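Structure first, then comments.
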Amino acid sequence: MDDNAGTSDISSFKVVLLGEGAVGKSSVLLRYIENKFNNKHLSTTQASFATRKLNIDGKDVELNIWDTAGQEKYHSLGPIYYRGSQGAILVYDITDERSFERSPAANPIKNWVRELQEVLKGSAALFVVGNKIDLEGTRTISKETALQYAESVNANYHECSAKENINIDSLFDNIAKVMLEREKDAATNLTRRSSLRRSNSRRTLQVIDDDEAAARPRKKCC
Amino acid sequence: MTAQIREVQRSLSIFDSKGIRKLLKTMRDENRKRTSYLHYLQQSRLTLLQLKSCLRKLATRIHREEDLTTECLVEVLVRFYLEKNEQFIRNFIVDFQQLHVQDERTDTVDKTLQKLCDKMIDDQIWQGAKEKHLDCARKYLERSLMGYIYHFALYPNGDADQFRDEVFHKSLHEIGKTITPDHTELRIPQKLHGECPWPSAQAEIAIINAYKSPRDKMECVLRCCETIENLIALASGQSSSADDVTPVLVYILIKANPPALLSNIQYVSGFYGCRMRGNEAYWWTQFTSAVEFIKQLLNKHV
């Protein structure tokens, strides 16, 4: 569906916004859309999906940003949303412990991270994002705790405020950068691996020539 | 400004009181004359503006008519073309019915469409056609082709699929009798209740079976979702977010309860899934996840 990234000059990425209800996922997206285009008249009745073209170091990047329903009863639908995405933004509210670490059993951010790693097998760039830093006074989750956690699961960490428009643009610029690098790495890995495969057939690994593999009809998807 | 006022004062001081009275009288007369002329001008301006908007409306109507006529013409041409290739189509229908794996079916349809399109464009009639018209022709070609195999493509497992759809339809009907926007599994926020039960969105999705080609079905789903979005934005006064859209979509699907919903989903995913981009992909995911959620809901109720 969205795996056409890298087929043309422009890289197309899918980014999902995940997080509990009321942490401000939609506000982050809305702020991003309005900010970018506040000088053009744009009716923003839609704040659940957005496509934006960016230019990162001279390379055109298209971001497809997907908002998801945060209420707990929809969590089981998660995999349908993040399937095939190259990036995930996990939003929590820095003033609301429950949105970050409720209890060892019900732990929104950690649950999302675990699920994403299981389903996407580390193919997506993860961003843990603390929202509402305009309410610094009532903060309950320290930056160190969150940062430490993000590093421990190999995710990037970012703090922003959708309300005051702090660090919103940089969040999406950063995630685009990270995804672009991952795409580049994946491409070089792939060529390296396939050249390795061709040069020395190893032990139990069955060698299939690329052309041959492509020529065989795909069977059974369900 | 001050300088101007001072100048006026200086000029006035030259006159005596009789002169001033005469001056005022002349000015009053002048003003009266000019006012009527001003009225006349304003009136004329109004008429002209009305005429302009009328012309603009007419122009858009003519453009719309032009588009419709072109579409009709394209459709007729495509039909002619298909009649010429009847044997080819017949072979395709037979071939298609022998395939059972969805991958192969999708592949055959794609290839046949591509072949027909390429052959059609080579025809002399289409030499000067614009890209817009060619797109339109492709749409009609797909619509006709899918129309031929619609029944087999929609129900790949024949009766089993129809039976499954029926069961689902009945359960939705049952649950639809009792469901309210305040249902514990939905909890649609009070501020959105103004438009409940969103009849225009229900009307969009209710006719999904009227469309035969997967592209048209996708557009139908898209229109339904966009209607929901707009209604939410109207009711709450702010942009719609996924938090709001998902429960409303679930509610609408239960209430509208279009027949053969599951087969439709399978059909569109099978024949259109890999062509979905951006907006379409997002709303299709919203739509399918809403149906998944309804399935879970049904399981809980049984």
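These numbers come from a predicted model, not from an experiment. In what follows, every chain begins at residue 1, and chains take the letters A, B, ... in the order their sequences are listed. Any value given below was found using the heavy atoms of this structure, including those in side chains, with hydrogens, waters and symmetry copies removed.
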OH/B:Tyr150: more than 12 non-hydrogen atoms of other groups inside 6.0 Å: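 Enclosed.
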
Residue B:His193 excluded, over 12 heavy atoms near NE2 under 6.0 Å: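 More than 12 heavy atoms, drawn from other residues, nucleotides or ligands, come within 6.0 Å of this atom.
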
First locate atom [atom1] of [X], then atom [atom2] of [Y], and finally report the distance between them rounded to the nearest 0.5 Å.
{"X": "A:Asn64", "Y": "B:Arg277", "atom1": "CG", "atom2": "CZ", "answer": "10.0 Å"}
{"X": "B:Phe293", "Y": "A:Tyr74", "atom1": "CZ", "atom2": "OH", "answer": "4.5 Å"}
{"X": "A:Lys73", "Y": "B:Gln296", "atom1": "NZ", "atom2": "CD", "answer": "12.5 Å"}
{"X": "A:Tyr81", "Y": "B:Gln286", "atom1": "OH", "atom2": "CD", "answer": "3.5 Å"}

Residues in ring pair (Phe, Tyr, Trp, His ring centres under 6.0 Å) contact with A:His158, at least two apart in sequence or another chain: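 Partners of A:His158 by the ring pair (Phe, Tyr, Trp, His ring centres under 6.0 Å) criterion come out as none, since no residue qualifies.
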
With B:Thr288 via side chain to side chain contact (heavy atoms under 4.5 Å, CB included) - residues at least two apart: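 For B:Thr288 the side chain to side chain contact (heavy atoms under 4.5 Å, CB included) partners, ignoring immediate neighbours, are A:Ile80, B:Ile265, B:Trp284.
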
Residues that A:Asp96 engages under side chain to side chain contact (heavy atoms under 4.5 Å, CB included), provided they are two or more places apart: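 With sequence neighbours excluded, A:Asp96 shows a side chain to side chain contact (heavy atoms under 4.5 Å, CB included) to A:Asp93, A:Arg98, A:Ser99, given in chain and number order.
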
Proximal to chain A - members of residues 242-258 of chain B, heavy-atom separation under 4.5 Å: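 So the qualifying residues are B:Ala242, B:Asp243, B:Thr246, B:Pro247.
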
Which atoms of B:Asp107 approach chain A - backbone, side chain, both or neither, heavy atom under 4.5 Å: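 Neither part.
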
Side-chain heavy-atom pair A:Ser48, B:Trp283 within 4.5 angstrom cut-off: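 They are in contact (side-chain heavy atoms under 4.5 Å apart), so the answer is yes.
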
